[in-house]
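To keep things clear, I will list the structure first and then write my remarks on it.
Whatever order the structure lists them in is the order used to number ligands and atoms, beginning at 1. Hydrogens, waters and symmetry mates play no part in the numbers below; they use all other heavy atoms, side chains included. Worth saying up front: this structure is predicted, and the values here are computed from it rather than measured.
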Amino acid sequence: MTNQQQPVAQEHALDRDCKTLSRHVLEQFQSFSAEAQDLSAIMNRIALAAKLISRRLSRAGLMAGVLGFTGEVNVQGESVKKMDVYANEVFISVFKQSGLVCRLASEELEEPYYIPENCPIGRYTLLYDPIDGSSNVDINLNVGSIFSIRQQEGNDIDGEARDLLQDGRNQIAGGYILYGPSTILVYSIGNGVHSFILDPSLGEFILSQENIQIPKHGPVYSTNEGNFWQWNEAIRDYTRYVHRHEGYTARYSGALVGDLHRILLQGGVFIYPGTVKKPEGKLRLLYETAPLAFLVEQAGGKASTGTQDILDVVPEKLHARTPLIIGSKEDVDLVESFIQDRARRDSDEAVVAGS
Ligand code: FBP
């Protein structure tokens, strides 16, 4: 590198090191409006939550009483991990005294949590899954956090949070944090999908990729085939198809965020369908599938229940669940085509049986 080039390279490196998350959000708005400042501040608080959780995860095995179960069962009917509780409290704490978020809705809380000092000025609601992939926490495999930001409509006096029961196109922002070899934060405010890596030496999330576009097709299919006999015939048909055709490979980490991050960068499809026991599926709409659908659509991909776009689903309750088929457009279309074929066959057979 010549002497002339060195200062330019140093300037680039410095400029990149200064591309922090809060600055990037403001640049996205190309303005310093109140909304831009608010979103930038909210994203900064989410980044702080990510740093605290990442630090705890990285040292969990050396600390007493941090791993394992609490003995409690949450609103989902799932046994609660101590890390679930810690991460949930972190998200609440980082928004205290912020004047930004009046209400938080979490996978770990039956009812929304209100931060009185932020209401009514706080015009936003944060919906989040503090630890996604809880079954991976105690064995040091990747986990994540998922978040969605929505406008607070009305004062929600009765605490029923009915204004949250709207489709996913109402989200202002969505994203996830992946706690893996490095901690990555991926977000969108409806203007492309961008990823940041936590630089521990700076304690800052630094821009790593802008305007991520998901490949139209990818070799990966990600699903828990252990549920094969609980699935409907259409999903079984699709699984038989990928088993019998070259070019497909199975990857399933046990953490949706980890599997989706792979698919966002390399293409493919993640499937968590309804089952005989849970026709509505396992994953929750407002703080798992809708924020990820928001991201993936922004990246040129697709997210479906099998018969409807996830972003068009209107929930009946705060912890509503949906089947999820998400990823590259061509791969989601393929899964949907098996569902349509099966539906057509079933109705033809019904007509024959009826005649
Ligand atoms: P949690 O948010 O409670 O972890 O549940 C979601 C999840 O762990 C996803 O991350 C993952 O894809 C899926 O459930 C795993 O479910 P299963 O163990 O049934 O395959």
Anything with a heavy atom under 4.0 Å from ligand 1 counts, so go ahead and list those protein residues by chain and number. E78, E107, D129, I131, D132, G133, S134, N224, Y252, G254, A255, L256, F270, Y272, K282, L283, R284, E288
Restricting to side chain to side chain donor-acceptor pair (under 3.5 Å), what partner residues turn up for R169, sequence neighbours left out? E297, D312
For Y114, enumerate each residue passing the side chain to side chain donor-acceptor pair (under 3.5 Å) test, keeping only those at least two apart in sequence or located in another chain. D156
Side-chain contact, heavy-atom cut-off 4.5 Å: Y241 with L334? yes
Would the Y176 and H261 ring centres measure less than 6.0 Å apart? yes
In chain order, what residues pass the side-chain contact (heavy atoms from CB on, under 4.5 Å) check against T70, with sequence neighbours excluded? E72, V80, K82, V85
Shortest non-hydrogen contact between P291 and I146, atoms and distance: CG-CG2, 3.7 Å
